[in-house]
Amino acid sequence: MTVDQVAWRLKTGRWVRAGKGVYRNAASASTPLSRLLAACLASGGVASHRSAAALHGIDGYRLDRIEVVVPWKRTPVTKGYELHRTTQMSLTRPVTRNDILCTWVGRTVLDLASVVSRDRLEHTIDAVLRQGLLRLEDLYAVLVSHSRHGRTGCGPFRDALEERRGDDAVPLSAWSRMVSDLLVDYGLKRPVFEHRVCDPSGELLAQVDLAYPDHRVAIELDSKRWHLNSVSFERDPRRRNALTVIGWTVLTFTWSDYVDRPNQLCNTVAGLLAPAGRRAS
């Protein structure tokens with residue numbers, strides 16, 4: 001439509017300006033949803049924080065404030081809504097709820113950690129788990145994926161998750177999947193799960209958590225729950241020695257490596273998978 005056509009509809013009252021370049025038919029009432037949609041369209045962003053929590057139906061949130069997230073370099077005119085800017089727009093993974101684009105539920109919970117009290121964050125995490133929107137391991141994956149990219153403000157989220165007893169609350173199989181996803185997100189090939197390593201005679205030496213067989217790289221995940229017992233204390237070193245003898249490199253990572261040092265974990269694995277010449281440089 002031409003500028004004059006738009007101006008005429010505004011002048012005659014057929015349309016109402018809802019935001020920059022966004023108009024609402026006067027026959028349609030203004031609602032929290034329509035105001036949120038207008039803010040998203042006007043800013044080119046997606047609903048986030050408490051607005052996204054309300055759209056996802058997280059217990060304790062209702063659409064009583066308009067919040068939108070946009071890429072860091074974008075500075076739209078903001079009127080009637082709260083604007084958040086991020087350098088991690090690709091990690092928002094927008095989904096549609098009530099015909100409005102919003103941050104996916106994992107990113108929404110992390111965003112909430114920066115704007116709500118510790119008590120409310122605890123209630124939010126409880127609600128997300130209770131409602132079956134995410135599992136605890138999913139929330140840890142959110143924390144790691146964002147902290148690996150240098151995001152600040154992950155501290156309260158990490159503390160709230162660690163209150164749930166860290167790796168004791170996450171099954172070993174789920175942790176293996178989380179580390180595998182981290183490596184794939186980093187750009188590496190997905191490792192093989194529960195790989196069986198045999199000696200030249202065909203006798204089983206070990207079954208490792210993750211492996212890159214072509215590179216003879218094994219990844220073992222150690223936790224207090226699964227490895228701090230007398231059987232594992234004696235068995236694990238023998239398994240690693242046996243693998244080393246036949247030319248395998250065994251990397252051992254802890255829960256702290258995954259949560260607090262994901263970049264270092266990925267760099268270590270990548271260094272062993274790189275071609276020999278590149279590795280030496």
Side-chain angles (χ1 to χ4, degrees), residues 10 13 15-72 74-89 91-136 138-139 142-143 146 151-161 163-164:
L10 290 172
W15 286 4
V16 176
R17 190 184 303 276
K20 184 178 180 180
V22 181
Y23 309 93
R24 173 175 54 83
N25 192 307
S28 300
S30 174
T31 67
L33 278 176
S34 72
R35 291 193 291 274
L36 178 58
L37 176 59
C40 291
L41 294 174
S43 65
V46 300
S48 66
H49 296 70
R50 283 154 290 208
S51 291
L55 291 177
H56 285 296
I58 299 175
D59 287 347
Y61 292 90
R62 58 191 180 90
L63 198 52
D64 56 359
R65 60 200 307 160
I66 307 301
E67 294 182 86
V68 174
V69 64
V70 298
W72 180 259
R74 187 175 299 168
T75 55
V77 176
T78 58
K79 186 177 181 180
Y81 64 93
E82 296 178 54
L83 183 72
H84 302 274
R85 296 161 64 217
T86 180
T87 59
Q88 299 176 333
M89 198 67 187
L91 298 180
T92 62
R93 290 165 49 185
V95 296
T96 301
R97 297 288 182 271
N98 291 318
D99 297 322
I100 298 176
L101 276 180
C102 65
T103 54
W104 78 287
V105 65
R107 172 60 181 263
T108 298
V109 178
L110 177 59
D111 284 339
L112 289 170
S114 65
V115 296
V116 302
S117 68
R118 175 62 183 271
D119 285 345
R120 193 171 190 190
L121 176 60
E122 293 280 0
H123 290 312
T124 300
I125 293 175
D126 288 342
V128 166
L129 297 175
R130 181 179 63 252
Q131 293 174 245
L133 299 176
L134 288 175
R135 302 164 300 172
L136 187 59
D138 298 324
L139 291 173
V142 171
L143 170 65
H146 284 77
R151 177 189 171 107
T152 58
C154 289
F157 190 50
R158 176 186 288 106
D159 292 343
L161 293 180
E163 284 291 322
R164 287 156 175 77

Please check if the side chain of Arg97 supplies one atom and the backbone of Cys102 the other of a donor-acceptor pair under 3.5 Å.
no
Only one of Val115, Ile66, Thr108, Val116 forms a side chain to side chain contact (heavy atoms under 4.5 Å, CB included) with His49, so which one is it?
Val115
Without swapping roles, check the side chain of Gln131 against the backbone of Gly57 for a donor-acceptor pair under 3.5 Å.
yes
Look only at the side chain of Ser34 and the backbone of Ser30, and say whether a donor-acceptor pair between them is shorter than 3.5 Å.
no
Please list, chain by chain and in numerical order, all residues satisfying side-chain contact (heavy atoms from CB on, under 4.5 Å) with Ser117, sequence neighbours excluded.
Asp119, Arg120
Shortest non-hydrogen contact from Ala47 toward Ala52:
O-CB, 3.8 Å
Of the options Leu133, Asp59, Leu112, which is the one that meets Val128 in a side chain to side chain contact (heavy atoms under 4.5 Å, CB included)?
Leu133
Provide the closest heavy-atom pair for Gly45 versus Val70 in the form atom of the first, atom of the second, distance.
CA-CG1, 3.7 Å
Can you tell me if Thr103 uses its side chain to pair, donor with acceptor, with the backbone of Ser48 under 3.5 Å?
no
Taking side-chain contact (heavy atoms from CB on, under 4.5 Å) as the definition, give me every residue that meets it alongside Leu33, ordered by chain and number, with sequence neighbours left out.
Thr31, Leu55, Leu63, Asn98, Ile100
Residues in side-chain contact (heavy atoms from CB on, under 4.5 Å) contact with Thr75, at least two apart in sequence or another chain
Arg85
All ring pair (Phe, Tyr, Trp, His ring centres under 6.0 Å) counterparts of His123, not counting sequence neighbours:
none
Please name all residues satisfying ring pair (Phe, Tyr, Trp, His ring centres under 6.0 Å) with Trp15, sequence neighbours left out, ordered by chain then number.
Tyr23
What distance do Arg50 atom CZ and Ile58 atom CD1 have between them, rounded to the nearest 0.5 Å?
12.5 Å
Give a yes or no on this: more than 12 heavy atoms of other residues, nucleotides or ligands lie within 6.0 Å of atom CG of Asp64.
yes
Say whether, by atom type as modelled, one donor and one acceptor occur between the side chain of Asp138 and the main chain of Arg135 under 3.5 angstrom.
yes
For Ile125, give me all partners under side-chain contact (heavy atoms from CB on, under 4.5 Å), at least two apart in sequence or on another chain.
Val109, Leu121, Leu129, Leu139, Phe157, Ala160, Leu161, Arg164
Decide whether His146 and Arg107 meet the rule of one side-chain donor and one side-chain acceptor closer than 3.5 Å.
yes
From His56 NE2 over to Ser51 OG, what is the distance, rounded to the nearest 0.5 angstrom?
11.0 Å
Residues Ala53 and Tyr61: closest non-hydrogen pair is CB-CG, 3.6 Å
Above 12 or not: heavy atoms from other molecules or residues under 6.0 Å from CZ of Arg74?
yes
Quick check: are there more than 12 heavy atoms from other residues, nucleotides or ligands sitting under 6.0 Å from CZ of Arg62?
no
